[in-house]
Amino acid sequence: MRPRGRPANRESAERPELVLAGRAWYHGRLQAIELGIDEAGRICTIGRDRRGARRHDVGDRVLLPSASDLHVHLREPGPPDAGETIATGTVAAAVGGVGLVGEMPNTDPPVTSVDRLEAKAARVQGRAAVDVLLYAAAQENGPLAPLARGAGGFKLYMSPTPGIAAGPEGPALARLLEELARFDLPLAVHAEDPGRFVGARPPVDPVGWDRARPAAAESAAIDHLLGAPDLLRLHVAHVTSAAAAARLRARGVSCEVTPHHLLLAARRGADARFKVNPPLRSESERAALWARFASGDIACVASDHAPHSVASKSEPFARAPSGVPGVETMLPLLLARVGSGALALPVLLRAACDRPARILGQPVGRLAVGHRANLLVVDFRARTPVRADRLRSGCGWSPFEGMAATFPTEHWRDGRRIVQDGEYVGVPDGAVVRPEYAPGETAPRPRDDGRR
Ligand code: NCD
Ligand code: ZN
Ligand code: ZN
């Protein structure tokens with residue numbers, strides 16, 4: 001697993017190979033911009049009047065940094081009928097404007113050993129359209145130090161997920177968090193306390209699922225986490241309530257919200273396609289979460305892309321697996337909200353591009369000299385309804401069917417185009433990446449303030 005190279009040296013700074021010209025959100029406003037890109041595919045100049053280099057002018061379309069999705073499940077290794085592979089899932093990411101995915105360890109088998117981590121890394125080589133950061137399972141008595149030498153981060157499940165048992169509680173949880181704080185890696189946590197699940201009646205729809213796994217379970221799990229050492233790069237996955245997000249923010253802990261919790265509420269009688277952990281909440285809770293996200297007070301958006309097959313999601317509610325796909329539609333759905341005026345562009349750029357890249361220690365996510373030229377071209381006038389049959393994910397369905405989306409027309413990776421007119425045209429040269437935190441971001445470090 002090779003870390004990505006350091007930023008190109010400054011010698012190349014005067015000699016852009018390519019200039020991308022268009023408009024961009026830069027220094028607090030949307031303005032005409034020219035981005036010079038060097039041979040190594042890094043942004044080397046930002047400004048106007050670049051002569052000599054090859055030019056690509058996108059007119060009044062907008063140049064954005066590509067997004068980083070902290071949370072996907074690509075299902076490899078897994079059974080042959082799994083809804084996704086690294087190949088299909090990363091092409092879906094590329095088409096949806098995501099240049100880096102954080103791949104979760106609950107595969108079959110799960111990533112609980114160095115051998116399994118290395119086997120998963122080998123599957124990425126030559127098959128991924130975008131970069132992949134691999135999380136390892138953070139388990140009590142697991143080989144944490146050897147895993148930390150190869151993984152891009154750890155994932156802790158406080159409630160069970162297929163292949164991985166529920167994490168420890170009480171003093172054992174405190175010991176695990178202490179131990180994880182020794183490694184300079186992000187720890188993402190699935191925060192639901194199974195002790196607060198309600199088992200009265202088997203749920204038959206998303207409203208029942210919300211009752212069975214209430215927001216109180218999330219809140220209790222967060223209580224257990226807030227005693228974690230300050231040095232731990234703690235990050236709470238898929239937060240569903242505005243109050244929980246506010247509490248984490250006040251304690252300087254980063255979190256993510258998902259497009260499904262932002263845009264979908266639990267509906268009575270809806271089928272198992274809308275079964276997900278943590279559950280979809282009530283319309284009033286959803287609206288409160290959206291308001292908090294739109295105000296810029298939630299650090300990140302991440303898809304929790306869980307591409308279960310159509311067949312498995314057609315099972316009766318109680319038997320069907322939990323999870324919804326989303327890596328391909330996350331940014332397009334939110335870009336459409338920017339286009340309609342419901343969401344401010346800088347809020348989206350922070351939550352989808354800048355903050356996730358900082359958490360994962362990657363030189364992407366902002367228009368900055370030295371950053372990789374992983375860029376998108378967006379025409380905010382172009383709105384299309386999500387149609388599952390046009391998506392590239394292998395799972396073949398979407399919970400967002402029919403909702404307005406603005407797909408990027410182009411996606412550039414290290415200065416080369418991998419999506420053109422919305423179609424994938426790249427070669428699968430995505431790499432396994434690991435955090436490289438900038439100097440000054442070393443311990444002791446302030447935890448996330450949600451706004452930087
Ligand atoms: C995820 C999955 O399918 O792997 N399911 C889900 O409901 N979110 C696991 C997870 O993120 O908890
Ligand atoms: Zn989860
Ligand atoms: Zn997940």
Side-chain angles (χ1 to χ4, degrees), residues 69-79 81-86 89 93 101-111 120 132-138 153-167 186-194 197 203 206 209-210 212-213 215 217-218 221-222 225 234-241 244 255-262 264 266 270-281 300-313 315 317-327 330 356 393-395 397-399:
D69 189 341
L70 289 162
H71 189 158
V72 305
H73 301 268
L74 300 181
R75 306 295 190 223
E76 261 199 66
D81 61 348
E84 198 76 281
T85 63
I86 289 167
V101 293
E103 154 67 2
M104 289 297 169
N106 64 336
T107 38
D108 184 8
V111 180
K120 200 189 252 196
V132 180
L133 178 139
L134 298 176
Y135 292 93
F154 280 104
K155 175 67 180 283
L156 171 63
Y157 291 90
M158 296 177 78
S159 60
T161 185
I164 301 180
L187 171 71
V189 184
H190 179 122
E192 283 186 292
D193 178 351
F197 293 168
W209 196 239
D210 177 22
R213 300 173 72 119
E218 176 177 272
I222 289 171
L225 289 172
L234 176 62
H235 173 82
V236 179
H238 44 47
V239 165
T240 64
S241 96
C255 70
E256 76 204 21
V257 288
T258 67
H260 45 280
H261 293 112
L262 287 173
L264 304 172
D271 63 37
R273 284 175 302 159
F274 300 92
K275 181 180 182 186
V276 61
N277 295 334
L280 299 180
R281 305 297 186 197
C300 302
V301 62
S303 71
D304 189 11
H305 179 68
H308 294 288
S309 67
V310 171
S312 65
K313 290 297 248 181
E315 295 274 333
F317 196 90
R319 275 221 305 277
S322 290
V324 298
V327 68
M330 173 176 77
S393 165
C395 74
W397 68 283
S398 168

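Read the numbers this way: they start at 1 and go in the same order the structure lists the ligands and their atoms.
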(request) Identify, chain by chain and in numerical order, each protein residue with a heavy atom under 4.0 Å from an atom of ligand 1. (result) H71, H73, R75, N106, T161, H190, H238, V276, N277, D304, A306, H308, S322, G323

(request) Could you pull out the N/O/S protein atoms under 2.8 Å of the Zn ion (ligand 3), ignoring any water? (result) H71 NE2, H73 NE2, D304 OD1

(message) Just verifying a value: how many Å separate K313 NZ and S322 OG, rounded to the nearest 0.5 Å?
(response) 6.0 Å

(request) Taking the side chain as every heavy atom from C-beta outward, state whether H235 and C300 have any pair of such atoms under 4.5 Å apart. (result) yes

(message) Side chains of V327 and S393, heavy atoms from C-beta outward: is any pair under 4.5 Å?
(response) no

(request) Mind checking the OH-NZ spacing from Y135 to K120? Nearest 0.5 Å is all I need. (result) 11.5 Å

(message) Checking side-chain polar atoms at under 3.5 Å, does D304 have a donor or acceptor matched by the opposite partner on T258?
(response) no

(message) Using 30° and 60° as the class boundaries, would you call the ring planes of H190 and H238 parallel, tilted or perpendicular?
(response) perpendicular

(request) Calculate, to the nearest 0.5 Å, the distance between atoms CD and NE2 belonging to E84 and H308 respectively. (result) 11.5 Å

(request) Indicate yes or no: at least one non-hydrogen side-chain atom of L134 is less than 4.5 angstrom from one of V111. (result) no

(request) For residues R213 and P278, determine if any side-chain heavy atom of one lies less than 4.5 Å from a side-chain heavy atom of the other. (result) no

